[in-house]
Amino acid sequence: MADTITTRSKDYSQWYIDLVRSAKLADYSDVRGCMVIRPNGYAIWEKMQAALDRMFKETGHVNAYFPLFIPESYIAREAEHIEGFAPECAVVTHGGGEELAEKLYVRPTSETIIWASYKKWIQSYRDLPILINQWANVVRWEMRTRLFLRTSEFLWQEGHTAHATKEEAAEEVLRMISIYKKFAEEYMALPVIMGKKTDSEKFAGADETYCIEALMQDGKALQAGTSHHLGQNFAKAFDCQFQTCEGRLDYVWATSWGVSTRLIGALIMAHSDDRGLVLPPKLASRQVVIIPILRGDKAAVIEQAEAIACSLKKHGIPAFVDSSEQNSPGWKFAEYELQGIPLRIELGPRDIAEKKCIAARRDTLEKTELTLDDSLPLEVSEILNTIQQNLYDRALLFRAEHTVEVSDYEEFKHSVENGFVIAHWDGTAETEAKIKEETKATIRVLPEEDDYISAYAMHEPGTCIYSGRPAARKVVFAKAY
RNA sequence: CGGGGCAUGGCGCAGUUGGUAGCGUGCCUGCUUUGGGAGCAGGAGGUCCCGAGUUCGAGUCUCGGUGCCCCGACCA
């Protein structure tokens, strides 16, 4: 018997772990809370990186790299920042066998070390804006970890920009959260709600935090990306002033934004099923697997399979043939379904005689016949597009079916177990905290998208779900990862 | 940091009142197979987490460590 995965209905959390490990995406390491990202998992990250990196560059950003180690004094510069991050930092106290004069923090995020450089680089408004992104690893000493979703070390990208005006920084914050939304929806086939965080859910050191929130199959929300307006907080902490075009001195305005390997977790939990991973074609490094049925004239079957792979590759579709005789076709079907290859083509002597092949979709498990002629690459390409679209539509439908609007607190408590709950909030941190304490649900997002706002009449005044006081607007609640 | 659980071939597990360490799967060799995780035969692979103790004898009992996983509080 091969690996079996716990079903989602039996134990969602165990299903997730089983899937990650049996699809060979990641493995536990001997270091507490740290994981090994295996080639199958890393390939997804590389596809994500490629798409995001292109979008960043198209909007004028450049890549750079800053040190892994941050002097303790830097971390301590910004009050909220150190309060938020210091408790979960790994700290280096020795180097070269000697105790260090100043402790070095392994970066939990790089605002401080980057702003130490920006201070040196910025004198005039002519030096602005600075639009830098960094691909890096960061470390946060988490209490409890989960593969991809929360590990002590993780991979991410962090953009850090510097601007002459508050407005320009605000535009950047929105530009980047919009890119994240576009990426989530177009590449990950993952519908997300874009909007603002409440003050208590904000990034440590930010004036405003924007986020994209996604819904997983178990009804829990996952923050998939964030973009922060840092105001002048870090510029002030690092004494970073510039001369404006009017000749005045002013502090620089800052943003930072990031997504991490957590996106891989989001991808898994949004689309996959009890047979294993389901990958959107745009993030699959291998989109088509061709499985020859080796009987009769084996060489002829393999030759035909290779020919198909070759013609697909010529049309930009990454395809490969598994002609090994060590495993049966049935084994291969199951294995590549587990790995989430979007499309499988089965090809045997019977098919070749009839000039056709079988195509099996991973998302629906449907099998269809395709004709073996020059139109094949085009047909395959269309199926892949259909799969990509279907995954998005399916996830969007799921979200719609798991979003409810409530005005009664008892109903709220019940509904919040199943997905997003839209309700009126009086705008106070006290109410937010009480609700979290009683239900473990948090305010995920104050939506900023017109479509979403009008669909749920988010700006309609009403009565707070908890306090009964007047509420200016509705917000989106959920239990979160 | 609180509560629970686990530690035995690569992986998953069993191991009775303390008495020669086993099963499934995977791996290697060969043959037969191949349209939904193939069959037969042969084979390799173990400081039973670490340390002390009890005992003629400890995977098993006692004490002390360590590590990991799960459930909560913190978090992308």
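By convention in this document, chain letters (A, B, ...) are assigned in the order of the sequence lines, proteins followed by strands, and residues within each chain are numbered from 1. Side chains included, hydrogens not; waters and symmetry mates left out as well; all remaining heavy atoms used.
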Original post:
On a whole-Å scale, what distance lies between the P atoms belonging to B:U8 and B:C68?
Top reply: 15 Å
Original post:
Regarding A:Arg344 and the six-membered ring of A:Phe333, is the cationic atom NZ or CZ under 6.0 Å from the ring centre and inside 45° of its axis?
Top reply: yes
**OP:** Take atom P in B:G57 and the same atom in B:G19, then report the distance between them in whole Å.
**Re:** 15 Å
Subject >> Nearest-Å distance once atom P is located in both B:G53 and B:G59 >> reply: 15 Å
**OP:** Once you apply the 3.5 Å cut-off to both distances, tell me the Watson-Crick or G-U wobble partner of B:A38, or none.
**Re:** B:U32
**OP:** Would you mind classifying the nucleic acid contact of A:Leu149 as base, sugar-phosphate or nothing, using non-hydrogen atoms under 4.0 angstrom?
**Re:** base
Subject >> B:G43 and B:C61, which share atom name C1', separated by this distance in whole Å >> reply: 38 Å
Original post:
Is it the case that A:Arg444 places NZ or CZ above or below the six-membered ring of A:Phe420, under 6.0 angstrom from the centre and within 45 degrees of the axis?
Top reply: no
Original post:
Is A:Lys332 side chain donor-acceptor paired with the B:U34 base, going by distance under 3.5 Å alone?
Top reply: no
Subject >> Parallel, tilted or perpendicular: ring planes of A:His402 versus A:Phe398, cut at 30 and 60 degrees >> reply: parallel
Original post:
In whole Å, what separates the P atom of B:G64 from that of B:G3?
Top reply: 16 Å
**OP:** Could you measure between the two C1' atoms, the one in B:G46 and the one in B:U20, and give it in whole Å?
**Re:** 15 Å
Original post:
Does a distance-only test, which skips hydrogens and angles, find a donor-acceptor pair under 3.5 Å between the side chain of A:Asp351 and the base of B:G35?
Top reply: yes
Original post:
Donor-acceptor pair under 3.5 Å: do we get one between A:Arg344's side chain and the base of B:G36?
Top reply: yes
Subject >> Side chain A:Arg140 and base B:C75 donor-acceptor under 3.5 Å >> reply: no
Subject >> Pairing partner (Watson-Crick or G-U wobble, both distances under 3.5 angstrom) of B:G26 >> reply: none
**OP:** Would you classify A:Ser13 as touching base, sugar-phosphate or nothing, given that sugar-phosphate means primed atoms plus P, OP1 and OP2, and contacts are heavy atoms under 4.0 Å?
**Re:** sugar-phosphate
Subject >> Sugar-phosphate, base or nothing in reach of A:Ile17, heavy atoms under 4.0 Å >> reply: sugar-phosphate
Original post:
Expressed in whole Å, how much space separates the P atoms belonging to B:G9 and B:A14?
Top reply: 13 Å
**OP:** Classify the side chain of A:Lys367 versus the base of B:G35 as yes if they form a donor-acceptor pair under 3.5 Å and no if they do not.
**Re:** no
**OP:** Quick one: label A:Pro349 by what it contacts on the DNA or RNA (base, sugar-phosphate, nothing), any heavy atom closer than 4.0 Å.
**Re:** base
